[in-house]
2 protein chains.
Amino acid sequence: MEAREVLENHALKTTSCRHEVLGLLLSTPQALSQSEIEKSIDPDTDRVTVYRTLKTFLEKGLIHKVLDDSGATKYALCIDCGVNDHNHEHVHFKCNECGQTSCLDKVSIPVINLPPGYKITEKNILVHGICQNCG
Amino acid sequence: MEAREVLENHALKTTSCRHEVLGLLLSTPQALSQSEIEKSIDPDTDRVTVYRTLKTFLEKGLIHKVLDDSGATKYALCIDCGVNDHNHEHVHFKCNECGQTSCLDKVSIPVINLPPGYKITEKNILVHGICQNCG
DNA sequence: GTTTATGCAAATTCTTTGCAATACT
DNA sequence: AGTATTGCAAAGAATTTGCATAAAC
């Protein structure tokens with residue numbers, strides 16, 4: 001999938017910042033923080049524009065937030081999400097060695113039984129450990 | 001359990017800020033953000049001191065971070081944690097209505113099967129939905 | 001009496017906002 | 001051409017650091 005194509009599908013104008021950020025996320029298997037993104041794109045790009053780009057992508061459902069144990073926010077592509085049909089219920093894995101966070105789309109989300117009176121709308125699972133590369 | 005007692009157990013001097021913050025966490029069933037903590041203690045307390053207090057509590061294992069969907073960090077007491085024996089593997093629940101985050105200590109952590117090559121050291125589960133009070 | 005924590009000031013860093021200029025379709 | 005996005009400047013928060021004073025044990 002090309003960045004330009006994804007942008008068109010979401011009715012977003014193709015600008016260089018959007019193209020670069022989206023292209024980066026498309027080609028990176030891990031979730032990236034804003035600062036990591038900034039380091040990997042044209043250094044002349046305004047930091048504010050990156051903020052707004054990520055915000056737009058979140059709103060339009062192109063990407064989702066991935067939480068880090070430290071509280072840092074990273075971003076990753078929504079793979080299976082339609083515009084109004086979000087599905088972020090996959091497991092996120094953070095490696096203690098290399099620090100990289102990835103979405104394990106193929107790992108099924110377990111059933112969680114809460115006490116009576118609770119209603120679940122979303123489950124967010126972050127697993128820590130050692131990844132395949134570092135193990 | 002008294003705040004003073006907990007501080008002594010962890011070899012921490014009893015200062016008013018520590019006493020207040022810890023007392024607040026002891027008496028609150030929900031996880032609290034730094035700003036929520038600041039609003040509930042003596043308003044003369046320096047914000048920097050609260051930062052340092054929370055940092056110390058984290059390092060000494062009195063409290064742990066609880067992540068929010070939005071990426072905000074909250075703090076909650078470590079119930080079952082020894083100094084070198086941490087156990088944060090409980091489910092965290094955030095209510096979409098009241099916004100409160102609580103630790104569901106009694107909900108068992110499900111087994112998660114990762115692909116070969118991954119080693120798990122910790123599981124962090126955040127569930128969103130409607131809590132008992134709001135449901 | 002020593003050691004440690006606090007309070008203040010200030011430096012950094014992060015994030016948001018307003019507005020004119022620019023780029024996109 | 002018309003609308004949306006960018007870049008810049010600057011405001012506003014959040015967080016960290018250094019150091020002298022004050023408090024705890």
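Each chain gets a letter, A, B and so on, in the order its sequence line appears, and its residues count up from 1.
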(request) Measure from CG on A:Leu12 to C1' on D:dT6 and round the result to the nearest Å. (result) 15 Å
(request) Report yes if some heavy atom in the side chain of A:Leu32 is under 4.5 Å from a heavy atom in the side chain of A:Leu24; otherwise report no. (result) yes
(request) Assign the ring pair B:Tyr118 / A:Phe93 to parallel, tilted or perpendicular, where the plane angle (0 to 90°) is split at 30° and 60°. (result) perpendicular
(message) Please determine whether residues B:Leu126 and B:Ile109 belong to a single hydrophobic cluster, defined as Ile, Leu, Val, Met, Phe, Trp and Tyr linked transitively by side-chain heavy-atom distances below 4.5 Å.
(response) no
(message) Output one letter per nucleotide in nucleotides 8-16 of chain D: B when a protein non-hydrogen atom lies under 4.0 Å from the base, S when only the sugar-phosphate is that close, - when neither is.
(response) BB----SBB
(request) Measure from CD on A:Glu38 to P on C:dC14 and round the result to the nearest Å. (result) 8 Å
(message) Rounded at 0.5 Å granularity, tell me how far CG in A:Asn9 sits from CD in A:Glu2.
(response) 12.0 Å
(message) Whether the A:Ser16 and A:Asp42 side chains hold a donor-acceptor pair (N or O, under 3.5 Å, no angle test) is what I'd like checked.
(response) no
(request) For the side chain of A:Lys13, starting at C-beta, report the closest nucleotide among C:dG7, D:dG2, D:dC25. (result) D:dG2
(request) Write down the distance between CG (B:Asn9) and C1' (D:dC25), rounded to a whole number of angstrom. (result) 16 Å
(request) Let me know the distance between CD of A:Glu20 and C1' of D:dG7, rounded to the nearest Å. (result) 15 Å
(request) Report which part of the nucleic acid B:Thr56 touches: base, sugar-phosphate, or nothing (heavy-atom distance under 4.0 Å, all strands). (result) nothing
(request) Describe the nucleic acid contact of A:Ser16 in one word from base, sugar-phosphate, nothing, applying a heavy-atom distance below 4.0 Å. (result) nothing
(message) Please report the distance, rounded to the nearest Å, between CD1 in A:Ile37 and C1' in C:dC14.
(response) 15 Å
(request) Mind calculating the distance between CD (A:Glu8) and C1' (C:dT25) to the nearest angstrom? (result) 10 Å
(request) Figure out the NE2/C1' separation between A:His10 and D:dA4, and round it to whole Å. (result) 18 Å
(request) Would you mind reading off the distance between A:His19 atom NE2 and D:dT5 atom P, rounded to a whole angstrom? (result) 16 Å
(message) Let me confirm one number: the CG-CZ distance from B:Leu22 to B:Phe57, rounded to the nearest 0.5 Å.
(response) 5.0 Å
